[in-house]
Structures are given as structure tokens and as C-alpha cells.
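Here the structure is a predicted model, which is why all the values come from computation and not from measurement. When reading the values below, keep in mind they use all heavy atoms of this one structure, side chains included, and skip hydrogens, waters and symmetry mates.
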Amino acid sequence: MGRKDCVYRCLKKRKRDNSAALKKATEVSFVLKTSDSNTTEAKLDLNARVVSGSIITGIGLSNPNEITASMDLPTMPFRLYSKKHDAIPDMWKAAA
């Protein structure tokens, strides 16, 4: 039994131990709750949230459309953006 055999067996054991640890680590799952839907008074759909965020940050329709297009997601038409943009202040007043 030479040194090479010992090194080979040690590396093989280490690989086996690492794969067991990796398997155990991948069995863990995480749940992220952002809000309780039962207690949220002002419920906004995704499009309204995008428009609301655009208003708050001072950007227009082109910026969210560039982001969604870069992720191969559908973009928001101007008519829908305009409709949501007109309704957002009323939603904010109702929530305040």
C-alpha cells in the first residue's frame, strides 16, 4: 500500500462525506411570508403594485417595461398603465 493509495482513499471518503452533507443541505426549504392576505386592507394586484412603485420612485412606464422585457416577461400596455395610474391615488386615499 503506497502513499497514492492512501491519498486516493482519503479523497474518495471526503467526496462521499461532502455529497452526504450537500444532500442534507438541499433538503431544507424556506418559506418567506411578505404579508398576511387576511389582514391587508388595501389589496393591490400585481399591475397596480408596479404602477404604484413607478409613481413612488418617479419613473414612467418605459422603465418597468424594460425590466420585464429583459426577463422575457410580457410588458404592460400603455392603456392598462394609464388606467391603473388613474386609480392609484384613490387606493392610497382609501388606505390612509
Q | Counterpart residues, side-chain contact (heavy atoms from CB on, under 4.5 Å), relative to Ile67 (two or more places apart) | A | Met71

Q: Decide whether Leu61 and Ile56 are clustered together by the hydrophobic rule: side chain heavy atoms of Ile, Leu, Val, Met, Phe, Trp, Tyr closer than 4.5 Å, transitively.
A: yes

Q | Within one Ile-Leu-Val-Met-Phe-Trp-Tyr cluster: Ile59 and Leu80, side-chain cutoff 4.5 Å | A | no

Q.
For the CG atom of Asn65 and the OH atom of Tyr81, what is their distance to the nearest 0.5 Å?
A. 9.5 Å

Q) Should Lys84 and Asp45 count as side-chain neighbours, where that means a heavy-atom distance under 4.5 Å? A) yes

Q. Quick one: does Thr57's side chain have a donor or acceptor within less than 3.5 Å of a partner on Gly53's backbone?
A. yes

Q. Can you tell me how far the CE atom of Met76 sits from the OG atom of Ser54, to the nearest 0.5 Å?
A. 7.0 Å

**Q.** CD1-CZ distance between Ile88 and Arg49, expressed to the nearest 0.5 angstrom
**A.** 10.5 Å

(Q) Distance check, rounded to the nearest 0.5 Å: Phe78 atom CZ versus His85 atom NE2? (A) 9.0 Å

Q: Return the minimal non-hydrogen interatomic distance between Pro89 and Asp86, and the atom names on each side.
A: CD-O, 3.6 Å

